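All chains are named by letter (A, B, ...) in the order of the sequence lines, taking the proteins before the strands, and each is independently numbered beginning at 1. Note that this is a predicted model, so its numbers are computed, not measured.
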2 protein chains.
Amino acid sequence: MPTINDIAKQCGVSKSTVSRVINGHPYVSEQKRQMILSAIEESGFTPNSLAVQFRKRKTSAIGILTPQVDHPYFAALVQSLSNACTAKGWKPVIFQTFGDKKRELDVFAKLKQRELDAIIATSSALEAPLLARCLENGPILICNEKYEIDATVCSLDEESAAYKLTMHMLQTGKRRLLFCLDHTSPSQEARYIGFLNALAARNLKEGGKRIEGMVSIEDGIRLGTDLFHDKQLLIDGIFAGSDFVAAGILHAAKQHQIAVPEKCAVTGFDNHPISQITDPPLTTYDNEIEAMARKTAEQLDMQLSGNFYVPKLFQWQGYLVPRHST
Amino acid sequence: MPTINDIAKQCGVSKSTVSRVINGHPYVSEQKRQMILSAIEESGFTPNSLAVQFRKRKTSAIGILTPQVDHPYFAALVQSLSNACTAKGWKPVIFQTFGDKKRELDVFAKLKQRELDAIIATSSALEAPLLARCLENGPILICNEKYEIDATVCSLDEESAAYKLTMHMLQTGKRRLLFCLDHTSPSQEARYIGFLNALAARNLKEGGKRIEGMVSIEDGIRLGTDLFHDKQLLIDGIFAGSDFVAAGILHAAKQHQIAVPEKCAVTGFDNHPISQITDPPLTTYDNEIEAMARKTAEQLDMQLSGNFYVPKLFQWQGYLVPRHST
DNA sequence: TGTTGACCTGGGAACGTTCCCATCTCTTAT
DNA sequence: ATAAGAGATGGGAACGTTCCCAGGTCAACA
């Protein structure tokens with residue numbers, strides 16, 4: 001693999017001149033520019049970007065941190081973020097953490113080690129103080145979660161979203177609700193608070209059961225099978241926390257001939273296409289991923305362009321998508 | 001940010017000694033080792049990995065190239081590959097190409113530019129000769145597609161898979177089949193050949209309609225709506241090419257009160273969890289992603305460990321998962 | 001009394017760029 | 001005629017590491 005020096009020798013010029021041509025700097029005679037350009041072309045020379053990044057102290061790479069890509073919500077979010085970054089001229093690179101602190105810290109370390117210019121985290125397994133320490137490594141933006149730290153945060157107002165969804169179920173006369181969450185995190189807890197607030201607003205002290213670790217279709221099926229096994233239902237509404245989990249629950253309901261929403265209502269979350277084709281179609285909540293992703297990229301751009309910049313919290317309201325499962 | 005030199009000065013030793021400590025080389029007195037270690041700890045020093053990679057000419061990073069992450073099949077594949085690489089001690093990094101040649105070439109260029117030690121491509125938008133040229137950049141393995149190039153290729157025997165699925169439909173008496181494919185690619189074409197072979201084996205010259213660009217649930221819904229609009233069905237079986245497309249089709253069928261499989265059979269592909277909860281449950285094909293991913297990582301490891309290595313083709317058979325949509 | 005070799009240490013080149021600075025040659029304005 | 005400044009070019013330090021080489025000490029062995 002030839003280097004800039006080889007090109008320089010071949011053309012009988014200094015490496016400075018070659019560098020100027022590569023980087024489009026002025027003050028190179030047209031004749032030499034052409035000669036160098038064709039030498040580059042012919043030899044198939046590509047600058048060693050490790051050397052360039054090392055010397056310039058800049059990579060143009062943005063790390064997108066996500067628990068896992070094989071999760072429809074995060075997949076969609078990562079995709080949107082990825083597109084938004086590309087649109088701004090940054091190079092998105094995706095890292096999966098699987099909720100593992102060590103892997104997450106490894107990625108944050110890349111910031112300190114200058115391998116990434118910035119990181120967009122869609123979630124974090126770290127405690128707030130630890131996360132705050134990571135901020136010292138370099139620019140970190142949060143998209144989708146809400147942490148109380150000194151960073152730009154774009155998130156859904158989960159509390160209000162959950163409040164609206166829950167209230168929607170309560171208004172149809174449901175009283176004994178089950179709340180499912182993924183793995184515990186600030187946003188999931190905010191959801192739970194919204195859920196409880198809605199119950200409280202209706203003076204329902206009881207009826208707020210909660211179950212964790214619900215992620216996939218299979219989880220939904222398992223939960224549904226457990227619940228619907230006994231015809232004497234203990235609950236009459238389920239806040240599923242994700243469309244996939246809800247789809248699994250609906251499937252189990254049908255298997256056990258439980259009428260939805262008559263005997264038990266179900267709500268999803270995310271407004272994923274799957275929510276249109278369940279039976280019955282799923283009431284869900286749209287969280288405006290696209291808008292969040294665009295705003296994140298915009299803020300990222302501002303932050304990295306070096307102008308004066310203050311971290312800020314952006315919140316979206318999203319909206320309820322009522323269908324026939326409630 | 002302190003450098004190795006700062007640590008050296010602070011401890012009154014040479015940077016060589018510090019480097020030896022960092023890299024765990026022998027021949028450093030225990031006393032100095034401790035002193036250096038605590039100086040590193042205290043100052044929060046981290047080696048600049050750009051400098052390390054540049055100097056060592058090695059990054060330990062493996063690029064995983066995928067059209068898009070927001071696609072259940074690729075998401076699952078990327079996840080498996082990612083895990084398999086981590087298990088072997090490599091650092092997986094995911095890049096999305098969106099089927100765009102330019103973006104794909106950009107990623108392949110990273111190999112030449114030494115930003116990646118190797119690339120695993122799950123698909124490619126490039127023509128074979130161009131792809132073959134990219135092989136000169138460095139180690140590239142293919143997982144999931146089948147290209148006629150001098151590289152390690154792990155793939156499903158798509159032709160035989162499609163043959164089996166199609167034959168399965170034909171055996172239930174279906175005669176007028178529609179074949180859906182994603183975007184055209186070698187593996188999709190191999191599928192189509194398997195499909196045609198099955199028809200030919202039954203002496204069905206006709207009945208091999210084909211439609212492209214079917215990817216998502218929505219695509220399936222649209223197609224199904226078109227097809228089932230007219231009660232006088234022109235076809236009696238659909239080879240959907242993916243479980244998500246099939247799920248959309250099944251939804252449309254229900255909307256139009258088309259009995260599945262009686263009036264029209266439907267088969268999916270990939271054995272994604274969604275195939276269990278459609279109504280009726282979907283006949284599909286399991287393509288053994290895990291096994292493919294593991295083998296790819298194993299071969300990658302062999303290739304990069306520098307031992308004698310010959311590119312090879314590995315093919316999986318996968319297996320039919322019969323359910324009630326056929 | 002050497003000789004050998006393990007252990008320890010520092011110096012400095014090298015990796016491939018970028019970019020500052022010095023130098024030189026022309027125009028052009030004064 | 002002289003000064004000023006734009007255009008063109010090369011030299012070389014610097015970025016932060018790794019790693020080879022040389023050289024030193026010290027114990028063991030012939």
Could you state the atom-to-atom distance from [atom1] of [X] to [atom2] of [N] in whole Å?
X	N	atom1	atom2	value
B/R114	C/dC15	CZ	P	14 Å
A/N48	C/dC15	CG	P	12 Å
A/R57	D/dG16	CZ	C1'	9 Å
B/K112	C/dT17	NZ	P	12 Å
A/N5	C/dG16	CG	P	9 Å
B/Q53	C/dT17	CD	P	16 Å
A/I7	D/dT9	CD1	C1'	18 Å
B/I4	D/dT18	CD1	P	5 Å

Measure from the side chain of [X], starting at C-beta and using heavy atoms only, and say which of [options] lies closest.
X	options	value
B/K56	D/dT9, C/dG16, D/dT18	D/dT18
B/S19	D/dG10, C/dT18, D/dT18	D/dT18
A/N23	C/dG10, C/dT18, D/dG10	C/dT18
A/A51	D/dT9, C/dT17, C/dG10	C/dT17
B/K15	D/dC15, C/dT9, D/dT17	D/dT17

*Look at the side chain of A/S16 and the base of D/dG11, then say whether one donor and one acceptor between them are separated by less than 3.5 Å.*
yes
(request) Look at the side chain of B/R55 and the base of C/dA14, then say whether one donor and one acceptor between them are separated by less than 3.5 Å. (result) yes
| task | Mark this stacking check for B/F54 against D/dT17 as yes or no, applying ring centres under 5.5 Å and ring planes under 30°. | result | no
task = Kindly state whether the pair A/Y27 / D/dT9 counts as stacked, where counting means centroids closer than 5.5 Å and planes tilted less than 30° apart.
result = no
Are any side-chain N or O atoms of B/Q79 and backbone N or O atoms of A/D70, one a donor and one an acceptor, separated by less than 3.5 Å?
yes
Sub-3.5 Å donor-acceptor pair from the side chain of A/E189 to the main-chain atoms of A/T184, do we have one?
no
| task | Classify the side-chain pair B/Q96/A/S82 by whether it contains a donor and acceptor separated by less than 3.5 Å. | result | yes
Residues B/V69 and B/A75: closest non-hydrogen pair is O-CB, 3.4 Å
Scan A/P26 against the nucleic acid and name what it touches under 4.0 Å (heavy atoms): base, sugar-phosphate only, or nothing. nothing
Determine the contact category for A/R20: base if any of its heavy atoms lies under 4.0 Å from a base atom, sugar-phosphate if only primed atoms, P, OP1 or OP2 are that close, otherwise nothing.
base
message = Can you tell me if A/N23 has over 12 outside heavy atoms packed within less than 6.0 Å of its CG?
response = yes
### Query
Salt bridge check: are B/K110 and B/D106 linked by an N-O gap of less than 4.0 Å?
no
Between B/K32 and A/M1, whichever has its closest DNA chain C nucleotide further toward 5' is B/K32
| message | Please confirm whether the shortest side-chain N or O distance from A/S29 to OP1 or OP2 of D/dT9 is below 4.0 Å. | response | yes
### Message
Quick check on D/dT9: is either OP1 or OP2 less than 4.0 Å from any side-chain nitrogen or oxygen of A/S14?
### Response
no
